[in-house]
Structures are given as structure tokens and as C-alpha cells.
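Encoded as C-alpha cells, the structure appears first; notes follow it.
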There are 2 protein chains.
Amino acid sequence: MRIGDLAARTGVSVRSLRYYEEQGLLDSSRSPGGHRHYDEEGVDRVAYLQRLYAAGLSSQTILSLLPCLESPSAATSDSAFDRLVEERDKLVTHIAGLTRTLESLDELITLNRKRRAASVADPDSGEPGRTTQG
Amino acid sequence: MRIGDLAARTGVSVRSLRYYEEQGLLDSSRSPGGHRHYDEEGVDRVAYLQRLYAAGLSSQTILSLLPCLESPSAATSDSAFDRLVEERDKLVTHIAGLTRTLESLDELITLNRKRRAASVADPDSGEPGRTTQG
DNA sequence: GTTGAATCTCACATGGATGTGAGGTTCTAG
DNA sequence: CTAGAACCTCACATCCATGTGAGATTCAAC
């Protein structure tokens, strides 16, 4: 599988795939001419990397976790494992924050809908209130 | 309340507060000499902005939503309201993705713990498996 | 073979929030 | 009134994943 194929199958740009490799997050075999080749496993790997990126981890952080992801063995350094737990905890906190934000957006939507519905029944009732925080 | 105080109370840098104002997200009154002044409401406002930033919204997007946040009335433009709903939906999707990632990190942690515990009972058992995806 | 698409490396550009520093003005405590 | 802390504007720097373009090479199909 060539880099263009992998890009197509993962929805990640060719540029990004090269970047992941440069960061040590993804490896490839090379054809005699120097072109990269990937096996099926690469697809899952890239998808997983994307999820970690989406979770806010940097390349550096992902790299430091990699031992735990690849071979979750006793040989894995304590520090890698500690970082893994740390990132997990940060993610929990982050999700909690987002969930709160979601709730307040929902309240806001409900409120807006109400106001809009009211204005259908009773036109020219404008700007009836002010809400800075949700 | 001066900008330094607001920064201290919100944990946001002075630089960022000025930036928010520049983006039209936060306003202030000015002293005769040009120094910014804020009231208590500013604290909540900044906290809320931070939450929206943390949810991945850009300044531009927040700006476009602002009418809905500030005066959730019928007068609010349809497009602002539509964007609000759209951002809510994106946030839901994002949270779902993060939750999946969290689950796989949790599995990974459990797996690592198991391996590590096993190695205490049975030293020199190394690298017993490989897991690329969580 | 030949051609055209895909790939290679290198390196500079981008965007968005924030950092940083210069040079100057304003505020507040003593 | 004065010292120094805090503030002002302006503008350039930073980070990091990604975009983009140039110039050269390789691969696949005919």
C-alpha cells in the first residue's frame, strides 16, 4: 500500500503521514526507489494517532506514550506508564469541561427556541432579556 | 477592576484579555488615561469565553454566536442561531470521539497494570504481546 | 521505451492564540 | 511630587500540525 492509498483510506493528508513518520509515530518500509509502503495495520495505526491528536495530545506526548500502546508489558518504563495515566486523567477533566459547555449550549438553544416561538405568536416583542452566561 | 485584576481572577493572561477585546468578544470601559476597566460581569464573561475556546471554537465562530449568547431573543438572526445549533452538534460528536478515546486509554491502562503485576510475580517475562489499537 | 501520475526531499508559508519586548504613559502609594 | 508598578500600543516571535511549491526521481501502464 502506497502513501497515497493510505491517505485516501484514512482521510489524512499525505503530508501528515510523512510528518507522523518524521515524529517517529508511524513507520514504513521503503521500495528500492525510496517510496514508502504500508501494510493494513497502518490504517488502524493512523486512525488511532488521529484520535490521540483529537484528544489534544501533541506528537511529543504521543511518542512518549508509544511504548505503552505498542507493547503493554512490564518492560515498559514507569515514566511512560505514568504519563499514560496522566493523559487519561487530563482527558477525563477535559471531557467534563466540554460536557458542561454542552449543557450550557443546550440551555441557550432551548431559551432561544422559546423566544423565537413566542415571537411568532406575538410579533414585535424584541430583546426581552440578557444572558451573559449559560 | 483593572486588566491585571481580571487576569488574576480568571487565570487568563493580560495579553489574551486584550486579544479578546480586539476580536470583539469582550469590552471594557476606559479611564481618562486609556486604561481598561471591567465590572464583575467580566469575570463570568471571560470564564465563558475560555470554555468556548476549550470546546474548540475559534474567535470568529464565537463572535458569530455572540448575539444568541447575549440576547437570546427573536431578534437574533437565524444564521446566528443556526450556527449555535451546528456548534452544539459538532461538540456532541467531538465529546463522543473523546469518550471513545478515553475508553481505549482505560483499556490500555488496565492491560499495562496487569502485565506489570504479572511481572512482579514472575520476573523476566518480557514483551509478551503487541497491541496497536485500543 | 516512453509518458504521466505518484512519490521523494527540502523548505518556506499558514493560522490562531498567546508570548515577549520596546518605548512611552498613567496610576497610586508614600 | 516622585518612584515604580501597572498599563498602553505596536509589532514581531513562537508553537505545531498542516499546506504548498519547486525540482528531481520512481513507478505503472501502454
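As a basis for the values below, the full set of heavy atoms in this structure was taken, side chains included, without hydrogen atoms, waters or symmetry mates.
B:Asp5 places a side-chain N or O within donor-acceptor distance of the main-chain N or O of B:Arg2, the cut-off being under 3.5 Å. A:Arg51 places a side-chain N or O within donor-acceptor distance of the main-chain N or O of B:Arg100, the cut-off being under 3.5 Å.
Side-chain contact check for B:Ser59 and B:Tyr20: no donor-acceptor pair (N or O, by modelled atom type) lies under 3.5 Å.
Qualifying side-chain contact (heavy atoms from CB on, under 4.5 Å) partners for A:Glu21, counting only residues two or more places apart in sequence or in other chains: A:Ser28, A:Arg30, A:Arg36, A:Tyr38.
In this structure, B:Arg83 does not pair ionically with B:Glu86, as no charged nitrogen and carboxylate oxygen lie closer than 4.0 Å.
Each of A:Gln60 and B:Arg2 was matched to the nucleotide of DNA chain D holding its nearest heavy atom; the match closer to the 5' end belongs to B:Arg2.
Taking each heavy atom of B:Leu65 and B:Leu84 in turn, the nearest pair found is CD1-N, 3.9 Å.
Separating the CZ atom of B:Arg30 from the P atom of C:dT26 is a distance of 13 Å, rounded to the nearest angstrom. Spacing between atom OH of A:Tyr53 and atom P of D:dA17 amounts to 5 Å, rounded to whole angstrom units. Atom CG of A:Leu6 is separated from atom C1' of C:dA6 by 15 Å (rounded to the nearest Å). Residue B:Asp5 contributes atom CG, which lies 16 Å from atom P of D:dA5 at whole-angstrom precision. Atom pair A:His35:NE2 and D:dC27:P shows a separation of 6 Å (rounding to whole Å applied). Atom CD1 of B:Ile3 and atom P of C:dC27 are 15 Å apart (whole Å). Atom CG in B:Leu57 sits roughly 20 Å away from atom P in C:dG15 (whole-Å rounding). Regarding A:Arg36, its CZ atom lies at a distance of 13 Å from the C1' atom of D:dT26, rounded to whole Å.
Between B:Leu63 and B:Gln23, every side-chain heavy-atom pair lies at or beyond the 4.5 Å cut-off.
For DNA chain C, the residues of residues 7-24 of chain A within the heavy-atom distance limit of 4.0 Å (strictly under) are A:Arg15, A:Arg18, sorted by number.
In this structure, B:Ser59 reaches the C:dA17 phosphate: one of its side-chain N or O atoms is under 4.0 Å from OP1 or OP2. Within the structure, a side-chain polar atom (N or O) of A:Ser31 is placed less than 4.0 Å from OP1 or OP2 of D:dC27.
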